[in-house]
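The figures here come from the full heavy-atom set of this structure, side chains too, leaving out hydrogens, waters and symmetry mates. Remember, it's a predicted structure, so these values are computed and weren't measured experimentally.
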Amino acid sequence: MTAAAPSFHDVAPVSDELTEYDRAHIKLYMRLLDAADDGAEWAEAVNVLFGIDPVQEPERARRVHDSHLARARWMTQSGYRQLLQRPADRD
């Protein structure tokens, strides 16, 4: 049984800036990173986390998985810094 998939795009954002999509999908990114670190097969991860059957939609499944995992890794390398920054005080 697969978990309910959150609303997602087939391709994660590609940007040097943290996006609203990133903020909304941080939990998903962390779960993807955990799956990769645990050695889970990408096909199992995409099925469980996104609700996509990699047998029925192999190209889409791979695209969704790989783009979101790449974005999750970007978050751990530089995107997290933008999460930690406080917006300038507004007077």
Side-chain angles (χ1 to χ4, degrees):
M1 182 198 248
T2 61
S7 176
F8 61 89
H9 298 163
D10 279 9
V11 177
V14 178
S15 171
D16 290 334
E17 299 296 321
L18 189 69
T19 68
E20 286 304 313
Y21 185 90
D22 295 323
R23 291 179 188 280
H25 291 82
I26 289 173
K27 184 176 179 179
L28 176 65
Y29 292 163
M30 295 304 109
R31 291 181 70 197
L32 269 171
L33 290 168
D34 285 345
D37 287 346
D38 290 345
E41 292 292 324
W42 75 267
E44 179 183 357
V46 79
N47 190 301
V48 171
L49 298 176
F50 294 92
I52 299 173
D53 182 340
V55 173
Q56 297 293 321
E57 300 181 89
E59 292 176 16
R60 177 177 181 234
R62 187 56 132 172
R63 179 176 54 249
V64 168
H65 176 271
D66 290 355
S67 74
H68 283 80
L69 182 57
R71 191 62 176 180
R73 288 182 172 146
W74 172 83
M75 288 287 295
T76 66
Q77 295 164 0
S78 50
Y80 75 92
R81 291 182 190 112
Q82 294 176 39
L83 281 174
L84 299 175
Q85 293 174 348
R86 286 193 274 178
D89 292 329
R90 296 178 189 176
D91 291 325

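Y29 and Y21 have tilted rings, their planes meeting at an angle from 30° to 60° on a 0 to 90° scale.
The two residues A61 and P54 make their nearest non-hydrogen contact at CB-CA, 3.7 Å. Across A45 and A35, no two heavy atoms sit closer than the pair CB-CB, 4.2 Å.
By the 4.5 Å heavy-atom criterion applied to side chains, L32 and R73 are not counted as neighbours. Considering only heavy atoms from C-beta on, L49 stays 4.5 Å or farther from F8 through its side chain. Under the 4.5 Å side-chain criterion, counting only non-hydrogen atoms from C-beta, F50 is in contact with L28. Under the 4.5 Å side-chain criterion, counting only non-hydrogen atoms from C-beta, L69 is in contact with L33. Side-chain contact between R71 and S15: present, with at least one pair of heavy atoms (C-beta onward) separated by less than 4.5 Å. E17 places none of its side-chain heavy atoms less than 4.5 Å from the side chain of D22.
Separation of atoms CE (M75) and NE2 (H68) is listed at 12.0 Å; rounding is to 0.5 Å. To the nearest 0.5 Å, atoms CG (N47) and CD (Q56) are separated by 10.5 Å. Atoms NE2 and CZ, from H25 and R31 in turn, are 12.0 Å apart once rounded to the nearest 0.5 Å.
W74 and V11 sit in two unconnected hydrophobic clusters of ILVMFWY residues. Membership requires side-chain heavy atoms under 4.5 Å apart, directly or through other members.
R62 contributes no side-chain N or O that, together with a main-chain N or O of W42, makes up a donor-acceptor pair within less than 3.5 Å.
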